[in-house]
2 protein chains.
Amino acid sequence: MLSDVMEDYLKAIYALQQESDDPVATSAIAEYLDVTPPTVTSMVEKLEERELVEREKYKGVELTDEGETVALEVLRHHRLLEAYLTEHLDYSWSEVHEEADTLEHHISEEFERRVAELLDDPEVDPHGDPIPSADLAPIEDDDTTPLSDRDEGEAVVVARVSDRDEAELQYLSDAGITPGTELVVRDVAPFGMVTVGVGGEASGDDEQKGRGEAEQSLPEDVARSIRVRSAVEEVA
Amino acid sequence: MLSDVMEDYLKAIYALQQESDDPVATSAIAEYLDVTPPTVTSMVEKLEERELVEREKYKGVELTDEGETVALEVLRHHRLLEAYLTEHLDYSWSEVHEEADTLEHHISEEFERRVAELLDDPEVDPHGDPIPSADLAPIEDDDTTPLSDRDEGEAVVVARVSDRDEAELQYLSDAGITPGTELVVRDVAPFGMVTVGVGGEASGDDEQKGRGEAEQSLPEDVARSIRVRSAVEEVA
DNA sequence: TATAAGTTTTAGACGGGTCTAAACGCGGAC
DNA sequence: GTCCGCGTTTAGACCCGTCTAAAACTTATA
């Protein structure tokens, strides 16, 4: 059996691996999980013994296939819970993450199955993040890119918003930027700030009608946490 | 903060205190939680330091008011979860306990609040056990007694069934004995076995109709785990 | 009332998860 | 090509929750 802390490490390594493809550095994990580097070293040694990660001293770690499967299992729990809490327990878009972060380690397979069934096997969670399938097959790359990589004039649709920062999420939600929202990139400042026009079609049924189009400036790190796809592709 | 293990100890001490009123013995806790007595000793020492229990060496422990409040909080979580899982996630009467036993330590106060609201502040869980109120006031004694204490000829209504043993629960469920079921005590054997006639009105909407009255013999320990109230009092 | 039987506690060990302090190694700068 | 700095690992400590083995206590009994 794996402790919930071990699951957190695997989830963290998985997330960091998505961002860069290089082996994940000790310090990156330490920062992500808010522990000290020596703590990470000792933990990854244990994970290595269990063959959940491969490690090269002073270089970094990577998940083994088995480690990735565990990470996907936890991620599936997390995202199913986010969807469930939002749809059935009236949690708001932004407050769901913390609850799911704890519960993901403690629900049974039976619970997972029943929630998935009740939600009709959703493919994405409320933030737009893909939910790993029940067979835990690796998630395929999607066609999204960070908003910060887009150029002026492009019309895009919000696909995913990082769920790591509740305040940021609340801010974006208030600004009407949620998965499904259409954006037009108005300006990209040299220091990375992106100004967008917020278009119609916010996803969902909030009272965001009649607000008309608005401009919104987003600091670079916020823009990087928003993943979008080109508006034209939406037809598919 | 309290670990989930500490919460389990407090819950165990609470449950054992209900059964006897005497200070709870180390060995009783050890058996209840399936650990060794030395483990219990070291744990209750820690609980004593935190003023959650009062302890007299070689005698036993009792919950302080604070300890009882914690136990009631955990019990509230447990029983709300049992009710919730049964009503909203289609869990059967007998499989609910294990899931609730884990989740009770990990749901937030917010989750508790929302579940209670959704269920319209239920007073009992699916086993008939009273759910502590949100203010965690001590549970008042109810008017139930173990079926094993009843005499031949008495007509009673099932109020509560212990949720500690899933197989037993399944058995009783199959026999049509659930909270709300009317029973008549037919015979009490010298060795404690109780034979009852299972009457109409099973609680709920299962397909238990048309089965007619049946006789059912219950070993003494099973009969002791079923709490009943006199049928006449039901009018109130 | 002395002793045996049974329960409880003490002593000491271990793995998990974390820390701080100090030693180590890698890669860039000179 | 050597050295310095920063990131990483080693060393050693601590608390939690658990165990086994052995000592201490309580109680029932002879």
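Just so you know, these numbers use all the heavy atoms, side chains as well, and skip hydrogens, waters and symmetry mates. Letters A, B, ... mirror the listed sequences (proteins, then strands); counts begin at 1.
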State which of [options] makes the closest approach to the side chain of [X].
{"X": "B:Thr41", "options": "C:dT7, C:dT10, C:dG17", "value": "C:dT10"}
{"X": "A:Lys46", "options": "C:dT8, D:dG17, C:dT18", "value": "C:dT18"}
{"X": "A:Val5", "options": "C:dT18, D:dT9, D:dT20", "value": "C:dT18"}
{"X": "B:Met6", "options": "D:dG17, D:dT9, C:dT9", "value": "D:dG17"}
{"X": "A:Thr39", "options": "C:dT9, D:dC19, C:dC19", "value": "C:dC19"}
{"X": "A:Glu45", "options": "D:dT10, D:dG7, D:dC16", "value": "D:dT10"}
{"X": "A:Thr36", "options": "C:dT20, D:dT8, D:dC16", "value": "C:dT20"}
{"X": "B:Pro38", "options": "C:dT10, D:dT18, C:dC19", "value": "C:dT10"}

Does [X] place a side-chain N or O at less than 4.0 Å from the phosphate oxygens OP1/OP2 of [N]?
{"X": "A:Tyr58", "N": "C:dA23", "value": "no"}
{"X": "A:Tyr9", "N": "C:dG16", "value": "no"}
{"X": "B:Ser27", "N": "C:dG6", "value": "no"}
{"X": "B:Ser42", "N": "C:dT9", "value": "no"}
{"X": "A:Lys57", "N": "D:dT10", "value": "yes"}

| Given atom CD of B:Glu31 and atom P of C:dT8, what is their separation to the nearest angstrom? |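 Atom-to-atom, B:Glu31 to C:dT8, this comes out as 11 Å.
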| query | Please give, in whole Å, the distance from D:dT9 P to A:Met43 CE? | reply |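 Result: 14 Å.
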| Hey, does A:His88 have a side-chain heavy atom less than 4.5 Å from the side chain of A:Leu118? |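 When only atoms from C-beta onward are counted, A:His88 and A:Leu118 do touch, with a gap below 4.5 Å.
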| query | Just wondering, more than 12 heavy atoms not from B:Gln18 lying within 6.0 Å of its CD? | reply |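 More than 12 heavy atoms, drawn from other residues, nucleotides or ligands, come within 6.0 Å of this atom.
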| said: Between A:Asp4 and B:Arg55, which residue's closest nucleotide on DNA chain C lies nearer the 5′ terminus? | reply: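 Whichever sits nearer the 5' end wins; that is B:Arg55.
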| field | side chain to side chain donor-acceptor pair (under 3.5 Å) between B:Thr144 and B:Arg227, worked out | value | CA-CA 6 Å; B:Thr144 67; B:Arg227 298 189 71 92; 2.8 Å; yes
| request: Please determine if B:Asp142 and B:Arg160 form a salt bridge, counting it only when a charged side-chain N lies under 4.0 Å from a carboxylate O. | output: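 So B:Asp142 pairs with B:Arg160 through a salt bridge.
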| message | So that I know where these two stand, are B:His77 and B:His106 an aromatic pair - ring centroids less than 6.0 Å apart? | response |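 Ring centroids of B:His77 and B:His106 are no less than 6.0 Å from each other.
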